[in-house]
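Each chain gets a letter, A, B and so on, in the order the sequences are listed, and its residues count up from 1.
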Number of protein chains: 2
Amino acid sequence: MADISFRVNSKLFVRDPQHTDLGQRIIKHSIDLIDKLGFEDFTFRKLADQIESAEASVYRYFENKHRLLHYLTAWYWNWLNYRIDIATNSLSDGSLRLKAAIKVITDPKIEDPRFEFVNEVALHRIVVAEMEKTYLTKWVDNDNEEGLFWGFNSLCHKLSGFINIVSPGYSFANSLASTVLLATHQQLFFLIHLPGLSDMKKKDDLSVQHQQLQTFIEEMVFRTIGC
Amino acid sequence: MADISFRVNSKLFVRDPQHTDLGQRIIKHSIDLIDKLGFEDFTFRKLADQIESAEASVYRYFENKHRLLHYLTAWYWNWLNYRIDIATNSLSDGSLRLKAAIKVITDPKIEDPRFEFVNEVALHRIVVAEMEKTYLTKWVDNDNEEGLFWGFNSLCHKLSGFINIVSPGYSFANSLASTVLLATHQQLFFLIHLPGLSDMKKKDDLSVQHQQLQTFIEEMVFRTIGC
DNA sequence: TGACGGCAATAGTATTACTTTCAAAAATGA
DNA sequence: TCATTTTTGAAAGTAATACTATTGCCGTCA
């Protein structure tokens with residue numbers, strides 16, 4: 001198996017967690033713990049207990065828990081970006097590429113054996129439930145200057161690039177792309193917690209839900225840009 | 001001037017703030033303070049200092065600051081709902097009604113003299129910056145059971161009702177409506193803080209920005225539902 | 001051997017969200 | 001108008017949290 005890892009913005013961490021045993025345990029167990037407790041109830045103390053280390057040791061890898069959330073979501077966006085590359089690089093037709101990208105974004109997430117210490121299924125749940133908290137803060141402008149949103153930005157621009165190839169005259173490719181990325185995850189949140197805000201149904205099984213989601217998003221994109 | 005007020009879910013407060021002097025001061029100054037400090041840095045202690053009252057007194061009106069945010073956002077959604085009613089009740093054509101509703105949602109917000117102790121311009125900024133925090137919590141399921149999202153739900157269903165009149169066969173009216181309501185506010189956030197995610201430009205003046213926003217949303221809705 | 005990086009352990013700080021208690025003030029109502 | 005009830009203010013207290021600071025140990029590598 002190829003030994004791959006994403007280059008994430010070094011501002012996201014104090015010390016790169018990918019290169020040490022403790023760092024990898026921090027990533028792995030923080031995903032499990034945030035998924036289990038929710039981000040608010042998650043603390044570095046609880047994480048340290050879980051990995052049988054000390055609170056101060058976690059702070060040597062991440063400045064605070066907010067930056068750790070940044071790191072995890074950035075990793076997720078990079079992962080989607082990478083999977084879109086794989087799914088689209090053999091396709092030459094613009095519409096097919098856009099369609100393939102939407103499929104990667106809306107498909108149910110399964111574990112990716114290429115990344116050992118990341119549970120992608122749990123991480124996807126975290127992104128659905130907590131992602132907006134990366135930017136709904138008073139630090140958003142500073143965080144953006146430091147490039148902490150590079151992963152999301154980059155994915156967004158990949159999508160808007162695809163959109164503009166299919167429909168060069170469309171004026172709102174970035175807005176549509178960001179709306180689509182957010183809506184995809186928000187609709188999954190609504191489906192579970194606020195079902196009146198979505199048309200997908202809880203009772204349907206996962207694959208049916210995601211099929212409906214894909215249809216909703218695909219129709220919205222292709223009709224909006226005029227195809 | 002007509003003395004009107006919205007009936008909000010009584011679970012939103014401990015004691016109805018609309019009926020007492022202290023309650024009205026809490027509403028007025030909490031809007032100003034949250035707008036100024038952001039929701040995280042806003043505390044009942046600071047609010048009490050501002051209105052020259054006591055922290056415990058504020059707790060007699062709202063169980064906690066999270067419920068106060070619920071109250072303010074619910075008020076905002078009710079306000080939009082009410083203004084959509086006014087803007088559409090003379091229109092009989094479905095497309096025109098939908099268009100008018102979108103205009104109310106995307107138009108710049110100005111102060112509404114019908115509501116004395118609410119600064120709608122500041123409240124709109126709060127909704128743009130903090131709204132998602134009403135449901136991105138571990139209490140979301142309980143809050144939903146208690147009907148705390150009734151205001152947003154109701155607005156969403158009004159919009160999806162309009163959508164279904166224009167296009168009865170469209171299957172995702174609720175999802176499209178919720179996506180539109182969120183996207184409208186999120187794009188305004190991006191425009192200010194993460195401009196790479198939107199196509200509206202900071203340098204444009206307010207009315208141009210909102211004109212672009214309206215065009216973006218209107219195109220998205222009408223093309224998606226097939227008109 | 002010894003300098004150094006990495007880690008554990010402990011204690012400590014400032015802030016926050018919220019509660020409790022009690023007395024004073026204001027509104028109410030007979 | 002006077003007694004009663006309700007509402008408010010003031011002050012203190014509690015538990016949890018996010019984060020910091022310090023110290024000293026252990027293993028590695030020059």
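- Of the candidates dT17(D), dA18(D), dC18(C), the closest approach to any side-chain atom of Y59(A) belongs to dA18(D).
- Here dT16(C) presents its C1' atom at 13 Å from CZ of F39(B), a figure rounded to the nearest Å.
- With sequence neighbours excluded, the residues forming a side-chain contact (heavy atoms from CB on, under 4.5 Å) with A101(B) are I84(B), L159(B), F162(B), listed by chain and number.
- The CG-P distance, from D49(A) to dC7(C), rounds to 17 Å in whole Å.
- The CD atom of E146(B) sits 9.0 Å away from atom NE2 of H70(B), with the distance rounded to the nearest 0.5 Å.
- Take W150(B) and apply the ring pair (Phe, Tyr, Trp, His ring centres under 6.0 Å) test, not counting sequence neighbours, and it matches no residue.
- Within the structure, every pair that satisfies the salt bridge (charged side-chain N to carboxylate O under 4.0 Å, His left out) test and touches residues 49-62 of chain B, not counting sequence neighbours, is listed here: R45(B)-E55(B).
- Atom CH2 of W139(A) and atom C1' of dA18(D) are 10 Å apart (whole Å).
- When each of E63(A) and D41(A) is assigned the nucleotide of DNA chain D with its nearest heavy atom, D41(A) is the one assigned upstream, toward the 5' end.
- Counting heavy atoms from C-beta on, the side chains of E132(A) and Q186(A) come closer than 4.5 Å.
- D35(A) is not listed as a side-chain neighbour of D32(A), based on a closest heavy-atom distance of 4.5 Å or more.
- Counting to the nearest Å, the P atom of dT15(C) and the CG atom of L37(B) are 15 Å from each other.
- Across all strands, F44(A) comes closer than 4.0 Å to no nucleic acid atom at all (heavy-atom distances).
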If a protein heavy atom is under 4.0 Å from the base, mark B; if only from the sugar-phosphate, S; if neither, -; do that for nucleotides 5-11 of chain D going 5' to 3'. --SBBB-
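- Remark: D199(A) pairs with no residue by the salt bridge (Lys or Arg N to Asp or Glu O under 4.0 Å) rule, at least two apart or across chains.
- Contacts between residues 64-72 of chain B and DNA chain C, defined by a heavy-atom separation under 4.0 Å, are made by N64(B), K65(B).
- Across the protein-nucleic acid pair, L47(A) atom CG and dA18(D) atom C1' stand 14 Å apart, rounded to whole Å.
- When the C1' atom of dA18(D) is taken as reference, atom NZ of K138(A) falls 12 Å away, rounded to whole Å.
- Spacing between atom CZ of F62(A) and atom C1' of dC19(D) amounts to 16 Å, rounded to whole angstrom units.
- More than 12 heavy atoms of other residues, nucleotides or ligands sit less than 6.0 Å from atom NZ of K133(B).
- Ring orientation note: the planes of F172(B) and F216(A) are tilted relative to one another, at an angle of 30° to 60°.
- Atom-to-atom, CZ of R45(A) to P of dA18(D) comes out at 10 Å; the value is rounded to the nearest Å.
- Side-chain proximity of T43(B) to the nucleotides dT19(C), dT16(C), dC19(D) is greatest for dT16(C).
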